[in-house]
Each structure stands twice: as C-alpha cells, then as structure tokens.
Q: 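Take this structure first; my questions come after.
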Number of protein chains: 2
Amino acid sequence: MPTLIDLQKLLCPDLLKAMQRRYRILHTIQLLEPIGRRSLAEQIALKERIVRTELDFLTQQGLLSVSTKGVSLTPSGKEVLSELTPYIEEVNGFRVLEEQIKQTLKLDHVIITPGDSDSQDWVKLDLGRRASEFLRTQLKSNQTIAVTGGTTMATVAEMIQPLPNVANCLFVPARGGLGERVENQANTICAEMAKKIKSNYRLLYVPDPLSEETYHSIIHEPGVKDVLQIIRQADIVMHGIGDALTMAKRRKTSDHVLAKLSSGNAVSEAFGYYFDRLGQVVYKVRTVGMQLEELSKIKTVIAIAGGESKAAAIASYFRQGKSNVLITDEGAAKALIKGFPFR
Amino acid sequence: MPTLIDLQKLLCPDLLKAMQRRYRILHTIQLLEPIGRRSLAEQIALKERIVRTELDFLTQQGLLSVSTKGVSLTPSGKEVLSELTPYIEEVNGFRVLEEQIKQTLKLDHVIITPGDSDSQDWVKLDLGRRASEFLRTQLKSNQTIAVTGGTTMATVAEMIQPLPNVANCLFVPARGGLGERVENQANTICAEMAKKIKSNYRLLYVPDPLSEETYHSIIHEPGVKDVLQIIRQADIVMHGIGDALTMAKRRKTSDHVLAKLSSGNAVSEAFGYYFDRLGQVVYKVRTVGMQLEELSKIKTVIAIAGGESKAAAIASYFRQGKSNVLITDEGAAKALIKGFPFR
DNA sequence: AATTCCCGGGATAAATTCTATCCCGCCATG
DNA sequence: CATGGCGGGATAGAATTTATCCCGGGAATT
C-alpha cells in the first residue's frame with residue numbers, strides 16, 4: 001500500500017523537489033537565524049534571486065519573519081519544520097539508509113541528517129543538533145558523560161539545549177588537550193556542554209600525546225588520577241571520527257610517525273588509535289584518557305561524523321570500533337552504502 | 001498533529017494543485033477511455049496544449065498508454081488512481097463535507113464525487129460508478145432491488161460491473177414507464193443492471209402517470225399485481241431526485257397541473273411526489289409502483305443526484321424524504337452546505 | 001470506395017515566468 | 001566614522017508556458 005509520498009514521487013516529482021528545497025531553506029534558517037538572503041544563498045548553493053522568491057513566499061505563508069537583521073522562523077514556521085521532518089526523511093529515503101547502515105555496521109542506532117558536511121557548514125551544525133537531541137533521549141540524572149574534541153563535537157556543544165528533566169550529571173573530557181584551537185578541545189567542549197545543561201564538569205590538564213616517561217609520572221598526580229577514574233566509569237561517550245592524516249597533522253605529529261601512518265595506509269583516527277581500511281590498528285599514540293578497549297564496558301557510545309569524504313574513515317573505524325550509535329549525514333551515509341570503501 | 005497534506009497546503013500549495021489536476025486527468029480518462037487530447041481538454045476545460053504536456057508526462061511515468069484511438073490508463077495508472085483517491089478526497093475536504101451533510105440531512109451514508117454534473121458529463125458517469133460501487137457493498141444474494149428511471153440512474157446501469165459474490169437477485173422498476181427516452185426508463189435500466197450482474201428482473205408495463213379508472217383496473221392484472229408485490233418487498237431502492245418543473249415537462253404534464261406546481265412552488269420530484277422548499281407535498285401524480293410512505297420499511301434507500309442546480313431539489317426532497325443514503329457530487333454538496341436553500 | 005471524424009505528432013508565435021546580477025539606503029557593530 | 005550585512009528595488013536575458021493551428025493516419029459510417 002503506497003504512501004502519499006510514494007504516489008507523489010510518481011505523479012509530481014518536481015514539486016516534491018520544491019518541497020524539499022523549501023524544507024532545506026527553513027531548516028538552514030533554523031540553524032543560522034537570523035540570516036540574510038545572500039548569506040543563505042551561499043550556504044545552500046542557490047542564487048539570491050531564487051532564495052528571495054522562496055523567502056517571499058514562505059513569509060507570505062506566515063512561516064518566516066523578516067527584519068533588518070535577516071529572516072527568522074516564526075513559531076508556526078518552527079512547528080511546520082518539525083512536523084515535516086519525518087516526511088522529508090521519508091522522501092529522502094533516510095529510514096531505508098539508516099536501517100541498511102544499522103545492519104551493515106551492527107549498530108543499535110543510526111541517525112542521518114540531510115546534506116553533506118563537506119559542502120555546507122550548516123550540515124555539521126545539524127549533526128550537532130541531532131546528536132544533542134539523541135543525548136537528551138539517553139541521558140538520566142547522575143550520569144557521567146565523556147566527550148572528545150574536534151569540530152563536530154564543538155557543534156554538539158554549540159547546539160545543545162538545557163535538559164529540564166536531568167540533574168547532577170558530570171561531564172569529563174575523554175582525553176587530554178589537543179594541538180588545536182581551544183574551542184575544539186575536549187576540555188572546552190566538556191565545560192560548555194555542562195554549563196548549558198546545568199551540570200558539573202571535571203577537566204583534564206594533560207598534553208596529548210605525551211612521552212612514556214611523562215605518562216608514568218602524570219597518571220599518579222591526584223588531579224589526573226581522579227578524573228581518569230571518572231572517565232573509566234562514564235555511562236555515555238560521545239566522540240568524533242577523524243581522517244587519519246588530517247588528524248595527525250592537526251596534532252603536529254612528527255615526520256617519522258607521519259611516514260609510518262602513510263606506509264601503514266591509515267585511514268581513520270579515534271581515541272589516539274589509527275586504523276587502516278580493514279580496521280587494523282596501524283599506530284597508537286600514548287594518551288591519558290579513555291582507551292578503545294574500555295568502550296566495550298560502556299552502555300552508550302555515540303560516534304558523530306559526516307561528509308562524503310569521511311565515509312572511508314567511518315567504515316575503517318567501525319571495522320573494530322566499539323561504538324553502538326552513529327550520527328552521520330546523507331553524504332556520508334550514501335557513500336557508506338555505495339560500498340566504498342568497505343565490502 | 002497535522003498530516004502531510006495539511007503541511008503541503010501551507011508549504012507547497014502548487015504541488016497539491018498539480019496533483020489534483022493530474023488526478024482529474026487520470027480520473028476522466030478512466031471514465032471515458034480511450035479518449036483523445038482535444039476531447040479530454042474539452043471535458044475538463046483545459047487548453048489542448050496544456051493537456052498534451054500533462055499527457056506526455058503521465059505517459060512517460062508509465063501511467064498512460066497512447067494509441068491512435070486515444071489514451072488509456074495502464075494497469076499501474078489504474079492502481080495509482082485508485083490509491084490516490086482517498087488522498088485527493090482529503091485534499092478536497094470531502095470527508096468533512098460528507099460528515100456535515102450526513103448530520104444535516106440525518107443520513108446513514110453520504111458519498112461525494114469530484115466535479116459538478118452541471119458542467120461535465122463525466123461527473124454524472126462517476127456518480128453512476130460510485131453508486132454501483134456502493135451497491136456492491138450493500139447487496140447480498142437473493143435480494144430484491146427496485147430502481148427508478150432518469151439520466152443519472154442510466155449511468156448507474158452503464159457503469160455497473162459484475163458482482164462475483166452475489167447471485168439470484170431480482171431487479172424491478174420502482175415505478176412505471178416514463179414519457180422519455182427508452183434508455184432512461186426504469187424498465188430498461190432495470191433489465192440492463194440485472195443482465196450486467198447476471199441476475200433476474202421483472203418489468204412493469206404500465207403508463208405513468210395514469211387515470212384513477214385505469215389505476216383501479218390495472219392493479220388487478222396478475223402481471224402487474226405480482227410485480228407490485230415484489231416492489232413492496234424490495235430490500236434496496238435506488239432512485240434519482242428531479243427538479244420539479246423539469247420532470248413535469250419531461251412527463252408531458254398537463255398545463256393545469258403545471259400551473260398548480262408553479263403556484264405551489266414545487267422544487268423537487270421523486271416517486272411521483274412534488275415537494276416545495278419546506279418538503280411539503282404540493283402535488284402527487286397517481287403511479288403504479290413504489291410509494292413514498294413505503295420507503296420507511298426499506299432498509300437501504302439510495303438517492304443519487306448531482307449538480308449545483310440540483311441542490312435545492314435535494315434539500316427539498318430530504319426535508320421529508322425517507323432515503324438514508326445520498327450519492328452526490330462536489331457542486332451539489334457545496335451548494336447544500338452553503339445553506340441554500342435550506343436552513 | 002468515399003467521406004467524415006477523431007486521433008497523435010508537429011509546429012510557430014506570443015505571453016509569462018524565471019533567473020542572474022547589480023544597486024541603494026538603513027541599521028548595527030567596532 | 002567606517003564597514004558589513006540587511007531588505008527592497010530594479011533591469012535584461014533566458015527559459016518555459018500557453019494558445020492556436022496543421023498534417024497524415026486510422027477507424028467508422030454511408
């Protein structure tokens with residue numbers, strides 16, 4: 001028994017595309033509001049005259065309000081967007097994709113957002129928003145959440161909203177500081193998330209990576225030892241998946257290690273582990289924090305990564321990865337299913 | 001919780017309009033196939049170039065097949081049309097209209113078809129089709145069906161299809177012959193319906209109307225007496241509702257009777273009864289056959305009438321009418337609800 | 001066999017809509 | 001005060017839609 005969408009795909013496919021386009025416009029406005037026509041046009045790769053036509057129409061329908069600062073969603077615009085989301089996902093065939101990936105990678109949950117983070121910034125924001133919404137469904141009072149750093153995790157912190165029914169949680173960084181911008185460091189993200197949902201946090205002031213000598217010395221520091229203990233007892237972990245060489249360079253890895261990663265055909269990186277296409281660990285940097293083996297004991301491990309170019313890294317990580325939830329975008333999902341690079 | 005249609009009405013009303021137009025095209029083709037572009041354009045009041053564009057698209061989508069005789073629905077075209085019907089009715093708000101009329105006229109069932117029979121012939125055909133489909137849901141083996149004459153009833157006979165699960169039914173004319181074309185007479189319609197569903201029929205060879213003297217004589221004729229007995233025991237009655245003066249003229253009513261109908265402000269006619277706007281009987285012609293009072297004893301009495309111009313007659317009849325099912329069209333339904341002429 | 005009617009496919013011209021691009025004044029921010 | 005981003009205004013060219021008509025083929029009717 002076909003749904004209305006199945007019938008409309010056959011009877012007026014062009015107009016479904018129009019619906020998708022308007023949804024995308026509203027959705028992007030929701031993430032970036034208030035935003036002007038030209039910026040929006042740039043974000044969603046449409047000419048400004050076309051965006052204007054659509055904005056005029058949506059405003060006329062009462063879904064947008066216009067000011068000199070830009071356009072924003074009205075309350076009914078927000079409601080329409082929210083109610084429409086499942087239908088748009090049905091149009092996009094996301095349910096099918098989610099199920100395929102779920103079974104292929106043997107996961108408990110897969111969530112796919114529209115777009116491709118490689119092309120549009122708002123897609124990564126949306127990943128963050130969906131990840132925080134998923135966290136909301138899982139989180140209970142008095143729980144401990146360990147989070148990693150990275151740009152995608154930064155969007156989770158940016159998009160997370162207060163959780164009224166949850167109290168007295170504890171956020172900890174899953175690993176030490178990174179050689180990157182402070183706002184993408186686990187400590188910063190951890191603190192921001194904790195503040196936003198009015199919970200506590202502990203920070204980890206250790207370099208990452210570090211020498212064996214320093215490692216053996218630093219793990220006995222009381223301030224470090226305590227946090228490590230908390231990290232190991234986390235109920236939920238949220239982490240990104242990185243492209244191996246990109247992450248290595250970002251972390252100012254030495255030339256000889258870079259050479260090793262290259263010769264080992266490293267594809268992905270998570271928690272200091274570098275994996276090749278088959279999921280084999282080709283390098284491990286010494287870190288203070290959550291270790292890959294420890295993930296097996298944790299009930300909810302959420303991986304967040306998107307972009308078509310990340311598909312290989314995602315597939316590589318999940319060959320051995322212990323995460324049981326993936327939040328990704330349409331670009332990555334389709335590339336995963338295309339069989340590149342796995343199977 | 002809004003449906004997808006509610007959301008699409010707001011976000012892309014053009015999509016719904018296009019869907020409605022394509023539905024109407026497919027629907028009209030189903031009723032009149034095979035039909036050419038120019039005829040179809042005329043039927044649905046669109047320019048032939050526009051119809052061509054739509055036909056090209058629908059053919060490309062596999063819903064139509066094209067021959068030198070005209071276009072027809074493909075099997076999947078028929079299926080799509082069938083599956084889409086409830087959605088189109090939701091778009092058109094027919095459910096709401098049906099419910100309103102059901103409650104206003106205190107009926108068991110109301111069925112509304114798209115269009116207005118005043119404007120397009122295919123709408124009357126569709127009334128006939130829907131009426132025969134409804135009959136199919138009600139009819140059981142060994143039942144008796146009494147039918148009247150008229151152009152609308154003729155379309156029921158034209159559109160009815162064999163009923164595999166029903167046997168040994170008996171069709172009888174609800175009243176005697178009319179002063180009109182033979183194909184619209186109750187006898188003809190009765191015979192045609194019976195033949196189409198492989199059942200039996202009895203005919204009634206009596207003039208209608210007739211004098212008191214002839215009446216008292218003819219009702220004792222064995223051939224008439226038997227059929228009258230069967231008519232009174234009918235399980236189902238299907239009848240039309242006529243505009244009073246139109247019917248009177250069609251039946252070659254005398255001038256003095258016409259004057260009486262006019263002075264009595266007759267609005268509708270059924271079973272030889274002429275009703276004014278308030279449902280009062282202003283005139284009764286003597287007929288051999290089903291009488292108005294006898295309808296109360298019959299379980300299923302189906303009235304079939306459409307066209308905006310018929311709304312007054314429908315309302316007038318139902319002020320006192322004993323029918324419990326109405327099958328009408330959108331034009332009549334909307335006029336009924338507009339409060340003209342009742343309430 | 002001839003004629004008529006309706007068919008699909010072909011075609012042109014005019015009207016309408018869409019699209020690309022740029023400009024102006026206003027407002028907020030640094 | 002300068003700068004950046006905003007909405008609203010505007011024109012020109014491109015694309016699509018719309019209106020209308022014609023031709024040859026096939027089927028039905030006379």
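To find a chain, count down the sequence lines: A is the first, B the second, and so on, and within it residues start at 1.
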Q: For nucleotides 12-15 of chain D, tabulate all protein N/O to nucleotide N/O atom pairs closer than 3.5 Å, reporting atom names and distance.
A:
none

Q: Would you please name every residue forming a side-chain hydrogen bond (donor to acceptor under 3.5 Å, both in side chains) with B:Lys310, sequence neighbours left out?
A: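 Applying side-chain hydrogen bond (donor to acceptor under 3.5 Å, both in side chains) to B:Lys310 gives none.
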
Q: Answer yes if the side chains of A:Asn92 and A:Gln20 hold a donor-acceptor pair under 3.5 Å, and no otherwise.
A: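 The answer is yes; a qualifying pair exists.
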
Q: By salt bridge (Lys or Arg N to Asp or Glu O under 4.0 Å), which residues pair with A:Lys17, not counting sequence neighbours?
A: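 Checked A:Lys17 against salt bridge (Lys or Arg N to Asp or Glu O under 4.0 Å); zero matches.
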
Q: Could you check which of D:dG8, D:dA19, C:dG9 has an atom nearest any side-chain atom of B:Val66?
A: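 Among D:dG8, D:dA19, C:dG9, the one nearest the side chain of B:Val66 is C:dG9.
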
Q: Can you list every ring-ring contact (aromatic ring centres under 6.0 Å, His included) pair that touches residues 46-66 of chain B, not counting sequence neighbours?
A: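 Qualifying pairs, neighbours excluded: none.
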
Q: Side-chain donor-acceptor contacts of residues 27-35 of chain B below 3.5 Å, not counting sequence neighbours, with atom names and distances?
A:
residue : atom : partner  : partner atom : Å
B:His27 : NE2  : B:Asp126 : OD1          : 3.1
B:His27 : NE2  : B:Asp126 : OD2          : 3.0
B:Thr28 : OG1  : B:Arg24  : O            : 2.7
B:Glu33 : OE1  : B:Leu73  : N            : 2.9

Q: So what does A:Thr53 hit on the nucleic acid, given a heavy-atom distance under 4.0 Å: a base, only sugar-phosphate, or nothing?
A: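 Contact class for A:Thr53: none.
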
Q: Please list, chain by chain and in numerical order, all residues satisfying side-chain hydrogen bond (donor to acceptor under 3.5 Å, both in side chains) with A:Glu48, sequence neighbours excluded.
A: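 Residues passing side-chain hydrogen bond (donor to acceptor under 3.5 Å, both in side chains) with A:Glu48: A:Arg37.
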
Q: Looking at A:Gln61 and B:Leu10, what are the two nearest heavy atoms and their distance?
A: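 Shortest heavy-atom contact: NE2-O, 2.7 Å.
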
Q: Can you tell me the distance, in whole Å, between the CG atom of B:Asp56 and the C1' atom of D:dT17?
A: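 Spelled out: CG on B:Asp56 to C1' on D:dT17 is 14 Å.
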
Q: Of all residues at least two apart in sequence or in a different chain, which pass the side-chain hydrogen bond (donor to acceptor under 3.5 Å, both in side chains) check with A:Thr246?
A: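 In terms of side-chain hydrogen bond (donor to acceptor under 3.5 Å, both in side chains), with neighbours along the sequence ignored, A:Thr246 is linked to A:Asp243.
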
Q: Taking atom CD of A:Glu133 as the centre, report whether more than 12 heavy atoms of other residues, nucleotides or ligands fall under 6.0 Å from it.
A: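 Result for CD/A:Glu133: enclosed.
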
Q: Provide, to the nearest angstrom, the distance between the CG atom belonging to A:Leu55 and the C1' atom belonging to D:dC6.
A: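 Between C1' of D:dC6 and CG of A:Leu55: 12 Å.
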
Q: Give each protein N/O atom lying under 3.5 Å from an N/O atom of nucleotides 21-30 of chain D, with the pair distance.
A:
residue : atom : partner : partner atom : Å
D:dC21  : N4   : B:Glu48 : OE2          : 2.6

Q: Strictly below 4.0 Å, heavy-atom distances to any atom of DNA chain C: list the hits from residues 39-47 of chain A, or just say none.
A: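 Nucleic-acid contacts, sorted: A:Lys47.
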
Q: Check side-chain hydrogen bond (donor to acceptor under 3.5 Å, both in side chains) between A:Ser117 and all other residues, then give those that pass, not counting sequence neighbours.
A: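 Here the qualifying residues are A:Asp329.
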
Q: Salt bridge (Lys or Arg N to Asp or Glu O under 4.0 Å) with A:Arg95: which residues, sequence neighbours excluded?
A: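 Listed in chain order: A:Glu89, A:Glu98.
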
Q: Quick check on contacts: within residues 9-23 of chain B, what sits under 4.0 Å from DNA chain D by heavy-atom distance?
A: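 Correct list: empty, so none.
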
